[in-house]
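Report on the following structure.
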Amino acid sequence: MDINTILFDLDGTLIDTAPDLAYALNTLLEEAGLEAKPFEKIKPLVAFGGKALIKFGFNCDEEHPEFSKRHQELLKIYTNNIDLNSKPFEGVSALIKTLKDRQINWGIVTNKPEYLTHLLLQKLNINVDVVVCGDTLEFSKPHPAPLLYACAQFAIDPKRCIFVGDDKNDMLAGNNAGIKTVAVTYGYGNVEQNWNYDYKINHVQELLELI
């Protein structure tokens, strides 16, 4: 593979953020006098953002009069505890070092808002070449724009890039952008064949074998 750039999804691909998002939801539920939800029930919802967590935790939709308030409270709790238990997945730190040593570009394309993304990366001391977030552009994944924008920042042909993610929307975004996709099985999504990924890996270090 003639690859010189690797782009990664953030939550569930590079960083295991589910514990702190679960903490935020359960703290909010307990403050409301409700029972905490099991971590394994929360984990698959992380890819869909805070609103999905509120819908699940409080069994309500966005039309509920308290929905917006609850969502903002969730984000506040999460922001204040964003690095409580979140950490890079096993092998990520070594992989980043290897990519830098080999002068391979690497970046992050996430649907997480900019303020949370940059705060998390700062707290975890992760320095990345290019970061494109859910609110950086008009469109977010699965639209191809964020991936193509990231490639443009590196001034590279999308055909020389691969995108790594743990969610169907990551694979859709890659396909829409004409970028090879890699699905990870260790993340939050249950990888299925109909995601139309190009490659599937069980550990981040397997990326080096691909390139």
Side-chain angles (χ1 to χ4, degrees), residues 7-29 31-32 34 36-89 107-124 131-147 149-150 163-174 176 183-184 186-192 195:
L7 299 175
F8 297 89
D9 172 51
L10 184 61
D11 301 73
T13 301
L14 271 187
I15 311 296
D16 186 7
T17 56
D20 291 336
L21 285 159
Y23 172 83
L25 176 61
N26 283 331
T27 298
L28 189 60
L29 289 171
E31 288 177 353
L34 301 172
K37 298 292 186 179
F39 175 72
E40 291 305 319
K41 295 283 187 179
I42 298 173
K43 184 179 175 181
L45 299 174
V46 167
F48 303 103
K51 289 184 178 180
L53 297 181
I54 294 298
K55 290 177 183 178
F56 168 68
F58 290 89
N59 192 28
C60 68
D61 58 28
E62 294 188 42
E63 302 301 316
H64 191 283
E66 294 288 308
F67 188 92
S68 180
K69 179 184 175 184
R70 288 168 177 167
H71 183 229
Q72 292 305 312
E73 289 174 346
L74 175 78
L75 293 178
K76 183 178 179 180
I77 296 169
Y78 176 60
T79 301
N80 292 334
N81 298 276
I82 198 166
D83 63 333
L84 190 65
N85 293 297
S86 293
K87 60 184 179 180
F89 283 100
I108 291 171
V109 178
T110 175
N111 280 355
K112 206 182 192 76
E114 284 194 350
Y115 80 100
L116 290 175
T117 299
H118 291 291
L119 177 62
L120 178 61
L121 294 175
Q122 178 187 352
K123 292 282 190 179
L124 298 182
V131 181
V132 185
C133 303
D135 52 358
T136 302
L137 306 173
E138 180 182 357
F139 300 102
S140 58
K141 297 177 299 183
H143 197 281
L147 288 174
Y149 179 80
F163 182 46
V164 187
D166 72 313
D167 185 72
K168 184 177 182 179
N169 277 343
D170 296 324
M171 305 302 109
L172 285 172
N176 291 337
V184 304
Y186 59 79
Y188 305 146
N190 184 21
V191 179
E192 298 179 14
W195 287 14

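What you are looking at is a predicted structure, and each value in this text was computed from that prediction instead of being measured.
- Of all heavy-atom pairs between Ile77 and Ala24, the closest is CG2-CA, 3.6 Å.
- Judged purely by atom type and a 3.5 angstrom limit, Tyr186 uses its side chain to pair as donor or acceptor with the backbone of Thr13.
- Asp135 places a side-chain N or O within 3.5 Å of a backbone atom of Glu114 that can act as its donor or acceptor partner.
- Applying the 6.0 Å contact sphere to CZ of Phe56 captures more than 12 heavy atoms from other residues, nucleotides or ligands.
- Put simply, OH on Tyr23 and CD1 on Ile42 are 13.0 Å apart, with the number rounded to the nearest 0.5 Å.
- Interatomic distance, Phe48 CZ to Asn169 CG, rounded to the nearest 0.5 Å: 7.0 Å.
- Around atom CG of Asn59, no more than 12 heavy atoms belonging to other residues, nucleotides or ligands sit under 6.0 Å away.
- With a 6.0 Å radius and a threshold of 12 heavy atoms from other residues, nucleotides or ligands, Glu138 has its CD atom at or below the threshold.
- Distance check, rounded to the nearest 0.5 Å: CD of Gln122 to CG of Asp83 gives 10.0 Å.
- Of all heavy-atom pairs between Cys133 and Pro113, the closest is CB-C, 4.1 Å.
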query: Taking it one step at a time, do Leu120 and Leu10 satisfy side-chain contact (heavy atoms from CB on, under 4.5 Å)?
result: CA-CA 10 Å; Leu120 178 61; Leu10 184 61; 4.2 Å; yes
CA sep, side-chain torsions, deciding dist, call: Phe58, Leu29, side-chain contact (heavy atoms from CB on, under 4.5 Å)
CA-CA 8 Å; Phe58 290 89; Leu29 289 171; 3.7 Å; yes
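- Of all the heavy atoms in Val109 and Pro146, the pair that sits closest is CG1-CB, 3.6 Å.
- Judged by distance alone, the side chain of Asp20 and the main-chain N or O of Asn85 form a donor-acceptor pair under 3.5 Å.
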Test Arg70 against Cys60 for side-chain contact (heavy atoms from CB on, under 4.5 Å), laying out the working first.
-> CA-CA 11 Å; Arg70 288 168 177 167; Cys60 68; 3.8 Å; yes
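- Of the possible polar contacts, none joining the Asp11 side chain to the Thr17 backbone as a donor-acceptor pair under 3.5 Å is found.
- Using modelled atom types, one side-chain atom of Asn26 and one backbone atom of Lys37 make a donor-acceptor pair closer than 3.5 Å.
- A heavy-atom distance below 4.5 Å is found between the side chains of Ile54 and Leu28.
- Within the 4.5 Å cutoff, no side-chain heavy atoms of Leu53 are placed close to those of Tyr78.
- Between atom OG1 of residue Thr27 and atom NZ of residue Lys76 there is a gap of 13.0 Å, rounded to the nearest 0.5 Å.
- Here Lys41 contributes atom NZ and Leu25 contributes atom CG; the two are 14.0 Å apart, rounded to the nearest 0.5 Å.
- Remark: Lys141 engages Asp9 in a salt bridge, criterion side-chain N to carboxylate O under 4.0 Å.
- Between Glu63 and Phe67 the shortest side-chain heavy-atom distance does not fall below 4.5 Å.
- In terms of heavy-atom proximity, Lys87 sits nearest to Leu124 at CA-CD1, 4.4 Å.
- Here the closest heavy-atom approach between residue Ser140 and residue Gly134 is recorded as CB-O, 3.7 Å.
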Exercise for the section: Show your working on side-chain contact (heavy atoms from CB on, under 4.5 Å) between Tyr188 and Asp167 and close with a plain yes or no. Expected result: CA-CA 7 Å; Tyr188 305 146; Asp167 185 72; over 6 Å; no
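- No side-chain heavy atom of Leu7 sits less than 4.5 Å from a side-chain heavy atom of Val132.
- Of all heavy-atom pairs spanning Ala183 and Trp195, the tightest one is CB-CE3, 4.4 Å.
- To the nearest 0.5 angstrom, Leu147 atom CG is 9.0 Å from Asn176 atom CG.
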